[in-house]
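Below: one structure, written as structure tokens.
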Amino acid sequence: MPEVEGAAVPAQSKGSWSSFLKSIASFNGDLSSLTAPAFILSTQSLVEFSAYWTENTSLWIAPTQEPDEAKRALLVMKWLLNTLKQQYCSRSEKLGSEKKPLNPFLGELFLGSWDDEFGKTSLVSEQVSHHPPVTAYTITNEKYRIQLQGYNAQKASFSRTIHVKQIGHALLTLYPPGSDVPETYLITLPALHIESLIYGAPFVELGKFIHIVSSTGYISKIDFAGRGWVSGKKNSFTAQLWKDGHGSEKNPLYTADGQWSDTFTLKQGEGKKAKEIETFSPSNIKLSRINVAPIEEQDVFESRKAWANVARSIEKGDMDATSHFKSRIENAQRALRKKEQEEKREWQRVFFSQADSSHTAEVIFQGLVQKISGLGVNSWEGVAPEKTAGVWRYDEHKAKTATKPFHPEGLIALGENSDGTSAPISRISTNQSGVPS
Ligand code: HC3
């Protein structure tokens, strides 16, 4: 890690980096409003981040093969611990630091699938709200009858560095072997903060804790700590798993500890009497690569197609072209919002709808929410509809009828011809108020 302030910042960007740091110190909590220097911009949009959840397919589907319910709950915790490296470290490891992702626009989609020895696992990720920014996703493997869905927003604040609270939750539904009764796991999302900002090489550290609460009565708690706590190693954690009414955080069935980004150990029991079950390195777990349609075949609302010009300009380091193509998307979005207002209608999400509270799955979900409240987690904002523009669920009926183009009315606004080719830039020149004329 660099030891001198700004050491990792390219010479030509020192000025813009220090302006960026000053702007962070006074920002309003909206991460999308931050204007960062070119060298720290990512070409990847946040809608793509949903894919990190299940790149470790073998671990994700493992609980569906386990007949013992306590061991199933442990396998769910093991899978989750193993996703953290991908979710929170992979970009820093690949790119040298955490970059600023592209802010998804309303309706942006990331569609793909993993095709491996476990069959087909499909991902649908959609930006369901822009103010506040909310991404919803669902990941399904029909062969193993398992589904993960969830949605998340971020609330940021500044105190010495950027602190981010995640609002939302994930729900894992699976069928135990030979059973037609699904079980559900409600997963809360970790708080995080950015380390090493001052050196120009930011990376993510997790903080506080998360829970996994299951409809079978098992509860896992994972406590995160950065460097300097217990072991003094970065990305440290301790975890306990117990059955509600038959144990507690202090008297758990299983425990785990170590570094979520490096090596950690699962144990039976707790403390000095604990028996080691397995030691892991997430980097030794085989990851599957997601397949995404070639850009020419993507819908104009699919992320990589929509951002292609912006991404190319960032790669070339051409900031003028980057701003130009970003404005094109922003203007198109403004035009769509204006049209909706005029026609008094709301933007139609392609794959997600508001949760129906009378649905059995929602009744089970509410029971799990109650259980979390019973754990004394007062600050949990996993279900805060006013902060996430609602409670979002994958809508199978909508998904069955979804066809391309997903938003015919959005084609022209995005500067596309109906055959999917790009319209000349002059067609979307803006008037004084920034709205395409
Ligand atoms: C905070 C974050 C955007 C949000 C990212 C989330 C929380 C999104 C949901 C995923 O499931 C998990 C996840 C992982 C990383 C989080 C990003 C890390 C950095 C990024 C900030 C907006 C960037 C701040 C700018 C800079 C230059 C300091 O990196």
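Whatever order the structure lists ligands and atoms in, that order sets their numbers, starting from 1.
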>> Using a 4.0 Å heavy-atom cut-off, which part of Lys165 comes near ligand 1: side chain, backbone, both, or neither?
In response: neither

> For ligand 1, is any non-hydrogen atom under 4.0 Å from Val204's backbone (N, CA, C, O), its side chain (CB onward), both, or neither?
Replying inline: side chain

Using a 4.0 Å cut-off to any heavy atom of [X], which atoms of ligand 1 qualify?
X      : result
Tyr88  : 12 (C), 13 (C), 14 (C)
Asn152 : 9 (C)
Arg91  : 14 (C), 15 (C)

Is the closest basic N to carboxylate O distance between [X] and [Y] below 4.0 Å?
X      : Y      : value
Lys398 : Glu126 : no
Lys267 : Asp257 : yes
Glu340 : Arg337 : yes

Nearest non-hydrogen protein atom, [atom]:
atom                    : answer
atom 25 (C) of ligand 1 : Lys100 CB, 4.1 Å
atom 22 (C) of ligand 1 : Leu31 CD1, 3.8 Å
atom 10 (C) of ligand 1 : Gln87 OE1, 3.4 Å
atom 21 (C) of ligand 1 : Pro101 CD, 4.3 Å
atom 24 (C) of ligand 1 : Ile162 CD1, 4.3 Å
atom 28 (C) of ligand 1 : Leu197 CD2, 3.7 Å
atom 19 (C) of ligand 1 : Glu98 CG, 3.5 Å
atom 27 (C) of ligand 1 : Ile40 CG1, 3.6 Å

>> Can you tell me how far apart CH2 (Trp53) and CG (Leu172) are? Round to the nearest 0.5 Å.
In response: 9.5 Å

> Hey, does Gln154 come in under 3.5 Å of ligand 1, counting only N/O atoms on both sides?
Replying inline: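 N/O-N/O distance under 3.5 Å: no.
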
>> Would you say that more than 12 heavy atoms from the other residues, nucleotides or ligands in this model lie under 6.0 Å from the NZ of Lys71, or not?
In response: no

> Are there more than 12 heavy atoms of other residues, nucleotides or ligands under 6.0 Å from atom NZ of Lys100?
Replying inline: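 Yes, NZ of Lys100 has more than 12 neighbouring heavy atoms, counting only those of other groups under 6.0 Å.
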
> Would you say atom 2 (C) of ligand 1 has a protein heavy atom nearer than 4.0 Å?
Replying inline: no

>> Among all the protein's heavy atoms, is there at least one whose distance to atom 12 (C) of ligand 1 comes out below 4.0 Å?
In response: yes

> Relative to Phe365, does Arg393 satisfy both conditions: NZ or CZ under 6.0 angstrom from the six-membered ring centre, and within 45 degrees of the ring's axis?
Replying inline: yes

>> Regarding Ser214 and Thr216, do their side chains bring together a donor and an acceptor under 3.5 Å, going by distance alone?
In response: yes

>> As a test of understanding, state which of Phe406, Phe351, Trp347 forms a ring pair (Phe, Tyr, Trp, His ring centres under 6.0 Å) with Phe301.
In response: Trp347

>> Quick one, Phe224 with Phe209, criterion ring pair (Phe, Tyr, Trp, His ring centres under 6.0 Å). Give me CA distance, side-chain angles, the key distance, then yes/no.
In response: CA-CA 6 Å; Phe224 298 107; Phe209 52 82; 9.1 Å; no

